[in-house]
Amino acid sequence: MSEQDKTITSNFIRQIIDEDLRAGKHGGRVHTRFPPEPNGYLHIGHAKSICLNFGIARDYPNGLCNLRFDDTNPHKENVEYVNSIMEDVRWLGFDWGNRLFYASDYFEKLYEFALELITSGKAFVCDLNAEQMREYRGTLTEPGRESPHRNRSVEENLALFKRMRAGEFEDGSRVLRARIDMASPNLNMRDPTLYRIRHGVIHHQTGEAWCIYPMYDYTHPISDALEGITHSLCTLEFEDHRPLYDWVLNNISIGCRPQQIEFSRLNLQYTVMSKRKLTQLVTERHVNGWDDPRMPTVAGLRRRGYTPESIRMFCDRIGITKADNSVEMGMLESCIREHLDEHAPRAMAVLNPLKLVIENYPEGKVEHLSAPNHPKDDSMGSRTLSFTREVYIDRDDFLEVAPNKYKRLVTGGEVRLRNAYVIKCERVIKDAAGEITELRCSYDPATLGANPEGRKVRGVIHWVSASHGVRARVCLYDRLFNHPAPDADKSVASFLEHLNPESLRILDHAILEPSLAAAVPGSRYQFEREGYFCVDMASQEGAPVFNRTVTLRDSWARIDQKKQ
RNA sequence: UGGGAUGUAGCUCAACUGGCAGAGCGACGGACUCUGACUCCGUAGGUUCGAGGUUCGACCCCUCGCAUCCCAGCCA
């Protein structure tokens, strides 16, 4: 693990663990788990949980963290998700050693504990259908009514439950329920369902071995206990489930008492975080898959060019509390900028090319100029630039008439070509429509690696040789939504109405400096004065594709924006 | 209108558990610069949700309010 992770920030959960350790609870052990359901790809909110759980295991003596798939609902789950989750956790830099588990590993034990609950009169088979059960449940303000099947004999319940397992009953015809309290103000305690019947689904781990599947509220505490989990960390919406979590463990013969502690989930502005909505974005093709660089998924962020370090840094900075939150995108962006500023080699790329001809530079001449890969880190070496009579600069770096403080090229003005010479714009050439097609310039041969005499050149712009440059596709990404909380806005029918139509801009005529031709997929660069970019996973030799991870911080753009 | 939670700077979090309310991100101003980046220096920003109470002293304890979030799946 890298430097960034060493300064660990405390939080209320770590404080609880510290106190437990001091009190000698759990025999001095600290054992957490990350329990995803494999029904979608992991997102940045999961990363928060992963960093919390695995981070605790990393920081406490002999701490352990299990990876456990919560796979009790085969309807929504599959191996593609299982595999992507393992890949993402590993990529984030965490290791579950030999502690990979599935809740389905415990199906047989879970079944036996259910028999125990039935035997002690704590569970019963109920014949009410879903709609009836809803009626019997009561409302938030009124107590529920007891099921007519609530007082069946132990023998009958045992027989019925065994027949459920044997496949004798149809889906939905019966469930196993806990016998708790239909008048509880906590709806989770109103005789919650423990098992339901599901025929005809092939479970990705257990195949067709089972036709009854345990519910989360029943499975989770037992799985935790079986694995010897000491602190079971989950999000706030499970707070109301804690009494049931404890009830399950208190009513079966199991020796372990994990402690459930809840923290608030992450909300990131200008995106959505619910798996349902992310799935919708993918299946309805509003984005190009789970790893679309605009997605807040771990796979998407990876493809976008985010580093594991930057995501860990982010999770560290946002902290862990129980307060509802809405984190600014700027927080995430500053993390990746900080990490990449230090580690990404520099390069030059022209995104919107404008041809520039240096009239006093010999035709056919090529100079090989050396440029450092990093302004502050010599160990990153240097690369060679090809300087020629014709180069491309970015259209945005030239203006016929300059506003105040403009530091780029203007008609009759001087500017330095980064890592090369100072040039002066002599003439502007336009087409019939008045569009600028070419700049005619002169260069000062004495300015290579030296400042010109008697005058100060304020501006520096990047460039690429017209003859040696490499054509590339560059994808510019912006926020996926143009509303800070797309799924919280109740004035629209769907969060999709807030989709940002300009979240992806593809530039097919970008030109890269020659050294970038060999860049391998996944590698990251700073395109000087533009931002951080990474080679897309699908990039091919001869047809490079770069994704913009994030722009450079741009104080000029901010000033501009304010004037408008 | 039942139950469970949460309110500290624009955002995210601290505050040694009752002792001068701080940090990161952001904003603003400046310095430096062959990246309008980085770095550096500086500035602003708070009725700690509100009103009472206890106390020499309250972000912290008590009472009453207010606001927001979660819960009526055979989802997790």
Side-chain angles (χ1 to χ4, degrees), chain A residues 9-11 15 35-37 39 70-73 75-77 126 128-130 133-135 137-144 171-177 184-190 192-198 212-213 215-217 219-220 234-243 262 264 266 269 275-276 314 316-335 337-338 341-342 346 348 371 375-376 405-408 415-420 422 447 449-451 457-462 526-531 551-559:
Chain A
T9 47
S10 189
N11 55 55
Q15 283 173 13
E37 185 191 11
N39 67 343
D70 224 320
D71 57 347
T72 55
N73 185 6
H75 238 91
K76 296 182 175 174
E77 303 158 4
C126 182
L128 257 28
N129 64 35
M133 225 192 273
R134 199 178 315 124
E135 285 164 13
R137 188 156 33 230
T139 68
L140 293 175
T141 52
E142 300 157 24
D171 283 17
S173 61
R174 282 173 228 266
V175 293
L176 182 72
R177 288 226 255 168
S184 173
N186 181 346
L187 302 233
N188 297 119
M189 299 301 269
R190 317 243 262 230
T193 300
L194 267 25
Y195 269 90
R196 74 281 213 189
I197 302 172
R198 287 281 177 279
I212 55 171
Y213 289 95
M215 301 285 289
Y216 167 86
D217 283 319
T219 310
H220 209 83
C234 63
T235 42
L236 245 32
E237 67 271 25
F238 292 103
E239 217 151 16
D240 288 342
H241 297 239
R242 193 178 346 121
E262 310 84 12
S264 54
L266 166 67
Q269 291 184 356
K275 259 200 229 177
R276 212 206 93 237
F314 172 75
D316 210 54
R317 286 183 184 179
I318 59 175
I320 299 287
T321 64
K322 295 180 72 130
D324 290 329
N325 59 79
S326 168
V327 177
E328 291 172 346
M329 202 56 103
M331 187 81 93
L332 220 205
E333 290 175 344
S334 102
C335 292
R337 284 195 188 107
E338 189 172 324
D341 174 56
E342 192 183 340
R346 313 286 125 123
M348 293 196 286
K376 291 183 179 171
K405 284 189 180 173
Y406 186 79
K407 282 171 65 176
R408 295 168 257 181
V415 78
R416 175 177 291 282
L417 292 180
R418 175 78 165 153
N419 297 309
V422 171
T447 55
N451 282 326
V457 178
R458 291 291 302 174
V460 180
I461 63 174
H462 59 281
Q526 185 199 99
F527 289 175
E528 288 194 298
R529 307 206 313 128
E530 291 289 355
T551 61
L552 252 32
R553 223 166 133 265
D554 186 352
S555 47
W556 189 249
R558 288 202 310 271
I559 292 164

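Here is the naming used below: chain letters follow the sequence lines, and residue numbers restart at 1 for every chain.
Taking the side chain of A:Val460 as heavy atoms from C-beta on, and the options B:rC13, B:rU35, B:rC74, the nearest nucleotide is B:rU35. In this structure, of B:rC34, B:rC25, B:rC75, it is B:rC25 that holds the atom nearest to the side chain of A:Met331. For A:Ile318, whose side chain is taken as the heavy atoms from C-beta onward, the closest listed nucleotide among B:rA37, B:rU12, B:rA76 is B:rU12.
Comparing the C1' positions of B:rG42 and B:rG4 gives an interatomic distance of 47 Å, to the nearest angstrom. With P as the reference atom, B:rC66 and B:rA72 are 25 Å apart, rounded to whole Å. Straight-line distance between the C1' atoms of B:rU35 and B:rA27: roughly 23 Å, to the nearest whole Å. Nucleotides B:rA15 and B:rC59 place their C1' atoms 9 Å apart, quoted to the nearest Å. A distance of about 15 Å separates the P atoms of B:rC49 and B:rA58, rounded to the whole Å. Taking atom P in both B:rC40 and B:rA23, one finds a spacing of 15 Å when rounded to whole Å. Only the C1' atoms considered, B:rG24 is 15 Å distant from B:rU8, to the nearest whole Å. Going from the P atom of B:rC25 to that of B:rU48 covers 25 Å, rounded to whole Å.
Taking the syn range as angles within 90° of 0, the glycosidic angle of B:rU17 is syn. A glycosidic torsion no more than 90° from 0 defines the syn conformation; B:rG4 lies beyond that range and is anti.
Residues satisfying the side chain to side chain contact (heavy atoms under 4.5 Å, CB included) test with A:Asp341, not counting sequence neighbours, are A:Arg346, A:Gln526, A:Tyr532. Applying the side chain to side chain contact (heavy atoms under 4.5 Å, CB included) criterion to A:Glu333, with sequence neighbours excluded, gives A:Tyr306, A:Met329, A:Arg337, A:Val550. Listed by chain and residue number, A:Asp70, A:His220, A:Phe238 satisfy the side chain to side chain contact (heavy atoms under 4.5 Å, CB included) test with A:Tyr216 (two or more places apart in sequence, or in another chain).
Using a 4.0 Å heavy-atom cutoff across all strands shown, A:Arg174 reaches no nucleic acid atom at all. Across all strands, A:Gly172 comes closer than 4.0 Å to base atoms (heavy-atom distances). A:Pro143 comes within 4.0 angstrom of no nucleic acid atom, judged by non-hydrogen atoms across all strands. In this structure, A:Ser326 reaches the sugar-phosphate backbone alone: every heavy-atom distance under 4.0 Å involves primed, P, OP1 or OP2 atoms, never a base. Among the protein residues, A:Leu128 comes within range of the nucleic acid bases, having at least one heavy atom under 4.0 Å from a base atom. Note on A:Ile320: only backbone sugar-phosphate atoms sit closer than 4.0 angstrom, heavy atoms only; bases stay farther off. Using a 4.0 Å heavy-atom criterion, one finds that A:Met348 contacts no nucleic acid atom at all. Across all strands, A:Thr139 comes closer than 4.0 Å to base atoms (heavy-atom distances).
B:rU33 is unpaired under the Watson-Crick or G-U wobble criterion, no partner having all donor-acceptor distances under 3.5 Å. In this entry B:rU6 has B:rA67 as its Watson-Crick or G-U wobble partner, both defining distances falling under 3.5 Å. Pair assignment for B:rG45: none, as no Watson-Crick or G-U wobble contacts are both less than 3.5 Å. Checking B:rU17 for Watson-Crick or G-U wobble geometry (two distances, each under 3.5 Å) identifies no partner in any strand. Pair check for B:rG26 finds none; no Watson-Crick or G-U wobble contact set falls under 3.5 Å.
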Protein-nucleotides 30-32 of chain B N/O pairs under 3.5 Å:
none

All N/O contacts under 3.5 Å from nucleotides 4-6 of chain B to the protein, with atom names and distances to one decimal?
residue: B:rG4; atom: O2'; partner: A:Asp240; partner atom: OD1; Å: 3.4
residue: B:rA5; atom: O2'; partner: A:Glu239; partner atom: OE1; Å: 3.4

Taking only N/O atoms, report every protein-nucleotides 39-47 of chain B pair under 3.5 Å with atom names and distance.
residue: B:rU39; atom: O4'; partner: A:Lys376; partner atom: NZ; Å: 3.3

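Of the charged side-chain nitrogens involved, at least one lies within less than 4.0 Å of a carboxylate oxygen, so that A:Lys322 and A:Glu239 count as a salt-bridged pair.
B:rA76 has no stacking from A:Tyr216 on its base ring, since the centres under 5.5 angstrom apart and planes within 30 degrees of parallel are not both found.
Under 3.5 Å, the side chain of A:Glu328 and the base of B:rU12 form no donor-acceptor pair of N or O atoms. Below the 3.5 angstrom threshold, one finds no donor paired with an acceptor across the side chain of A:Glu142 and the base of B:rG2.
The phosphate of B:rC71 has neither OP1 nor OP2 within less than 4.0 Å of any side-chain N or O from A:Arg190.
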